[in-house]
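Following: one structure in structure tokens, then a few remarks.
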There are 2 protein chains.
Amino acid sequence: MTQPAQDTRRPGRRTGDSGTREAILGAARKRFGDHGYAGATIRAIAADAGVDPALVHHFFGTKERLFAAAMRLPLIPGEVIGAALAPGARDPGLGLGEHLVRTALTAWDVAEVRDTFLGLLRSAVTSEQAATMLREFVTDSILGRIAEVASPAEAEYRAALVGSQVLGLALARYVLGLKPLATASTDDLAAAIGPTLERYLTGEVH
Amino acid sequence: MTQPAQDTRRPGRRTGDSGTREAILGAARKRFGDHGYAGATIRAIAADAGVDPALVHHFFGTKERLFAAAMRLPLIPGEVIGAALAPGARDPGLGLGEHLVRTALTAWDVAEVRDTFLGLLRSAVTSEQAATMLREFVTDSILGRIAEVASPAEAEYRAALVGSQVLGLALARYVLGLKPLATASTDDLAAAIGPTLERYLTGEVH
DNA sequence: GTCTATAATCGGATAGAC
DNA sequence: GTCTATCCGATTATAGAC
């Protein structure tokens, strides 16, 4: 990236890219795959890459961002959701559920986002390991944030219900291409599905 | 299956299995895969297998059952749904939505059913062709029946919404294994998700 | 045996020196 | 860019009271 086309080496530490970043990403991919998202520790990844754990943070900030970089996600899901859920981030006239549907659809309607997401989904459906990795990432990084805005009673259960509906929408709309859903507008889907999420978050689920 | 262990051949048509059934199933698998569910005609399948179309009906009854046999489904989804939706098939105290969730979960909690379903899903996520096949089958054979019990305004849209939530539940529960959903009881899930389906079927979706 | 309090450990994250 | 040192929250282990 920043590698200068410089051949005459001078003494001292080389400037620019030393390959460490890539080494970390490689180690991260392996660890995440082998041990899942939760089981892969920054310390172990750093050790595999032969660097100090603090370097990982220096390059990537958080574990979540490291995962996103390793998986080549064009955005950080948890941060997008987090921003969408932030107080004041949404039009007060709009329900929280509607806003969530809108956020998901807006992200997915970008081909690059959709493609990497579908790649993850494909792996998860195919491999048990990949499913574990995705489950733990989703739980930790997405559902965790959603649970924060749900009613405290069974917040995790509520967040998982939200996840199931959003996931199902993605599957029906982008994988299967079920016509009524594949061609529906964001507005229509938000109106239809938003209240469902709203109920899962704060309504009666027993 | 019905092949008698008989070695002394006698003149006339041989009894038992003549291989025709298998020939039809092979032709069906190929046609369904290449042309989708809707695009594969019984006549074309019969022609490929070198038999009369009437024979296909003789062996399998309906296109839906032929598909189920070709895909080795241990049950016929549309018929299970149809039975569940039949008037009087459910406890009048229970909502239709709850009953639908229950029906799906009861079917999926049988390993054999779950496995073949997940196989279809895997193919659909992996291959565009398989996705087309599954979409058309689901539309024709499952959503069509659900649309019949939905409010007439946008019945297809309503049925697709139902499909998306049920599909998402399957994905979250059986593929990802999201803990709150994977371990929840049928009762709990029916209570939580049933009302969603109910609203999609007959409520306000605009 | 069960419970609770305290301690040890782990893992993510930050600050700052070099 | 890299490392040392450190903090803090969460989990896990352990000890001692009842």
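Letters A, B, ... are given to chains in the order of the sequence lines, protein chains preceding strands, and every chain is numbered from 1.
- Between the P atom of C:dG11 and the OH atom of A:Y37 lies a distance of 14 Å, rounded to the nearest Å.
- To the nearest angstrom, P of C:dA13 lies 10 Å from CG of A:L66.
- Comparing C:dA13, D:dT2, D:dT4 by their nearest atom to the side chain of A:H57 picks out C:dA13.
- The closest donor-acceptor contact from the side chain of B:R90 to the backbone of B:L94 lies under 3.5 Å.
- Rounding to whole angstrom units, CZ of residue A:R43 and P of D:dC3 are separated by 15 Å.
- At whole-Å resolution of the value, CG in A:D52 and C1' in C:dG16 are 13 Å apart.
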- Kindly determine whether A:R173 and A:D109 satisfy salt bridge (Lys or Arg N to Asp or Glu O under 4.0 Å), including the steps that lead there. CA-CA 11 Å; A:R173 182 170 161 104; A:D109 281 337; 3.6 Å; yes
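- Side-chain N or O atoms of A:K179 include none that pairs as donor or acceptor with a backbone N or O of B:E156 at under 3.5 Å.
- Using cut-offs of 30° and 60° on the angle between ring planes, the pair B:F67 and B:F137 is parallel.
- Summarising the geometry, the separation between CZ on A:F59 and P on D:dT2 is reported as 5 Å, rounded to the nearest angstrom.
- When the C1' atom of C:dA13 is taken as reference, atom CZ of A:R65 falls 14 Å away, rounded to whole Å.
- Using a 4.0 Å heavy-atom distance criterion, A:A38 is classed as making no nucleic acid contact.
- Atom NE2 of A:H58 is separated from atom C1' of D:dT2 by 8 Å (rounded to the nearest Å).
- In this structure, the nucleotide among C:dG11, D:dT2, C:dA15 sitting nearest to the side chain of A:A54 is C:dA15.
- When distances run from any side-chain atom of A:I42 to the nucleotides C:dG12, D:dT2, D:dC3, the shortest one goes to C:dG12.
- Summarising the geometry, the separation between CZ on A:F60 and P on C:dG11 is reported as 20 Å, rounded to the nearest angstrom.
- When the side-chain nitrogen and oxygen atoms of A:T62 are compared with OP1 and OP2 of C:dG12, none of them lie within a distance under 4.0 Å.
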